[in-house]
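Structure first, then comments.
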There are 2 protein chains.
Amino acid sequence: MAIGKPAQQAPAGEPTGRRQPLNRQRVLSAALAYADRHGLAGLTMRRLGTELGVEGMSLYKHVADKDALLDGIVELLWAEVPAGPAPDAGWRQALRNFADGLYRVFGRHPIVAPLIATRNFVNIEVLRRYQAYLELLRQTGFDRRRGLDAIGAVVGQGVGYGLLALRYTDPAPQTAEPESNLQRIRRITRTLPADVPDPLVELAVDLTSECDTDRCFAISIDALLAGLAPGPA
Amino acid sequence: MAIGKPAQQAPAGEPTGRRQPLNRQRVLSAALAYADRHGLAGLTMRRLGTELGVEGMSLYKHVADKDALLDGIVELLWAEVPAGPAPDAGWRQALRNFADGLYRVFGRHPIVAPLIATRNFVNIEVLRRYQAYLELLRQTGFDRRRGLDAIGAVVGQGVGYGLLALRYTDPAPQTAEPESNLQRIRRITRTLPADVPDPLVELAVDLTSECDTDRCFAISIDALLAGLAPGPA
DNA sequence: CCGGCCAGCTTACGCGGTAAGCCGGCCGGG
DNA sequence: CCCGGCCGGCTTACCGCGTAAGCTGGCCGG
């Protein structure tokens, strides 16, 4: 074998010996950060390894497999959502906050957040939040089932609009200077068949600029909350 | 080279010669069907090729690359949504129908439909539908921008609840006989840390059985539509 | 002082996407 | 009637991925 790194002794900074050992948390946050920057397709066990100064295979000591890694990322994303209602908030305000926090996660992690919608949904962070808000709802007179439905509705909106906002904006290039109008049109058109009638192209352009997803979200969460009410099923 | 299929002449059914040549449509629907049955991870260019009686590489004559294939599948999914308002329907009814059609796609293609939320959003089928419904809204007094917002809101709900319904149900096993209650608990718990408190486990179980996503969806789409109104921004 | 343990390393396998080029049959022009 | 080009499909080859299996060297409790 090659000698590997001869200096297992920490290069300069660690007290006792060897570098700070990995653990699930460090692996997951590194994965989230890496995917945020390099895209989901760019996230690879080997590359994540190098990022952490470690061989790819070593990660398997801390996550079962790549699926588990992705599920762990989802956990981290949920951890950014308010963990429970503010102490003085009414239930509507609390749920609005909850949904809003969820919605915002998509803005902060445009590339990674869709995992929330596509991977295993149930994880501790989710359960903790559901329980906290459910508790509040029960105190307000919701029965368990109605409460779960209400929370579900609110989560559905957060996720739905969060995704929609991304999709409307998404294929943005992220280069230094903003793209010209013509460039944008060409980019949008490229995935479409050649014979798309002009009005549809215009529509496509408007979709990425005219729509105010934030406002749509606010409006419809308010409408929803107005339509909900305590009581048994 | 190997002789390949010696009988290029159609085996029994085709008139002129060789098998019916592939085309984008056939490739896409085969891909959708295959992924429906074998999962997204199971969908492979080579395997899809064999499914179509063709070598994997041949598919690249009809789709640019795998990404384009997936985007094409999304197109097919959208094609299942009502293309425009029924002639006699009011705008609320039309939008409800639209959202509902979208929502149902997730039920019909539980494995594949999440692609709608994660891949390129803009494609012709989408544009066609947006235009059709936008047209109706404008006739009702919405200005273009408000109309787009309304459609967006409705789509957001369809997608959001569609996904949520899947996630609540999802990790179902699809074996012949239904799993025992204990099996289900174990399955749900497996992805969670070992020390989850019991109430959270109970919550997890309830999430997959107690929640009535259909009803949540109906309620909140109604609430939303009630809250929308024509007029300029 | 030493035995076990465990984080991380190495090797190796099968499979995925796809670039590049090849071939053989059909079809339209001479 | 012949022939040249075209085009659908085939072949080969490359590189990177996820991961099974086993190894190793240093730390730590006895």
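Every value quoted in this text rests on a predicted model; they were computed, and no experiment measured them. Lettering follows sequence order; numbering is per chain, from 1. Just so it is clear, the values below take in all heavy atoms, side chains as well, and ignore hydrogens, waters and symmetry mates.
- Rounded to a whole Å, the CG atom of L70(A) is 14 Å from the C1' atom of dC17(D).
- Here the P atom of nucleotide dG16(C) and the CG atom of L48(B) are 12 Å apart, to the nearest Å.
- Between L69(B) atom CG and dG17(C) atom P the separation is 10 Å, expressed in whole Å.
- Taking both residues in full, the closest heavy atoms of R167(A) and A117(B) are given as NE-O, 3.2 Å, listed atom of the first, atom of the second, then distance.
- Closest non-hydrogen pair, L43(B) versus A31(B), comes out as CD1-O, 4.1 Å.
- Other residues, nucleotides and ligands place more than 12 heavy atoms under 6.0 Å from the CZ atom of R144(B).
- Considering only heavy atoms from C-beta on, V159(B) stays 4.5 Å or farther from V159(A) through its side chain.
- A side-chain N or O of Y161(A) and one of S220(A) form a donor-acceptor pair less than 3.5 Å apart.
- Side-chain proximity of T44(A) to dT11(D), dG18(D), dG9(D): nearest is dG18(D).
- Each of I188(A), D206(A), V196(A) was scored for a side chain to side chain contact (heavy atoms under 4.5 Å, CB included) with V201(A), with one residue passing: V196(A).
- Regarding L43(B), its CG atom lies at a distance of 17 Å from the P atom of dC15(C), rounded to whole Å.
- Residues F98(B) and Y133(B) place their aromatic rings such that the two centres sit under 6.0 Å apart.
- Whole-Å rounding puts the E55(A) CD to dC9(C) P distance at 6 Å.
- Residue contacts for M57(B): at a heavy-atom cut-off of 4.0 Å it reaches a base atom on one of the strands shown.
- Heavy atoms only, all atoms of each residue included: N123(A) and V74(A) are closest at ND2-CG1, 3.8 Å.
- Within residues 32-41 of chain B, no residue has a heavy atom under 4.0 Å from DNA chain D.
- The distance between atom CG of L52(A) and atom C1' of dC9(C), rounded to the nearest whole Å, is 15 Å.
- Within the 3.5 Å criterion, the main-chain N or O of V105(B) finds no donor-acceptor partner in the side chain of H109(B).
- At dC17(D), one or more side-chain N or O atoms of R47(A) fall inside 4.0 Å of OP1 or OP2 (strictly under the cut-off).
- Scanning residues 58-66 of chain A for heavy-atom distances under 4.0 Å to DNA chain C yields S58(A), K61(A), H62(A).
- Below the 3.5 angstrom threshold, one finds no donor paired with an acceptor across the side chain of R46(A) and the base of dG16(D).
- Residue R26(B) contributes atom CZ, which lies 8 Å from atom P of dG9(D) at whole-angstrom precision.
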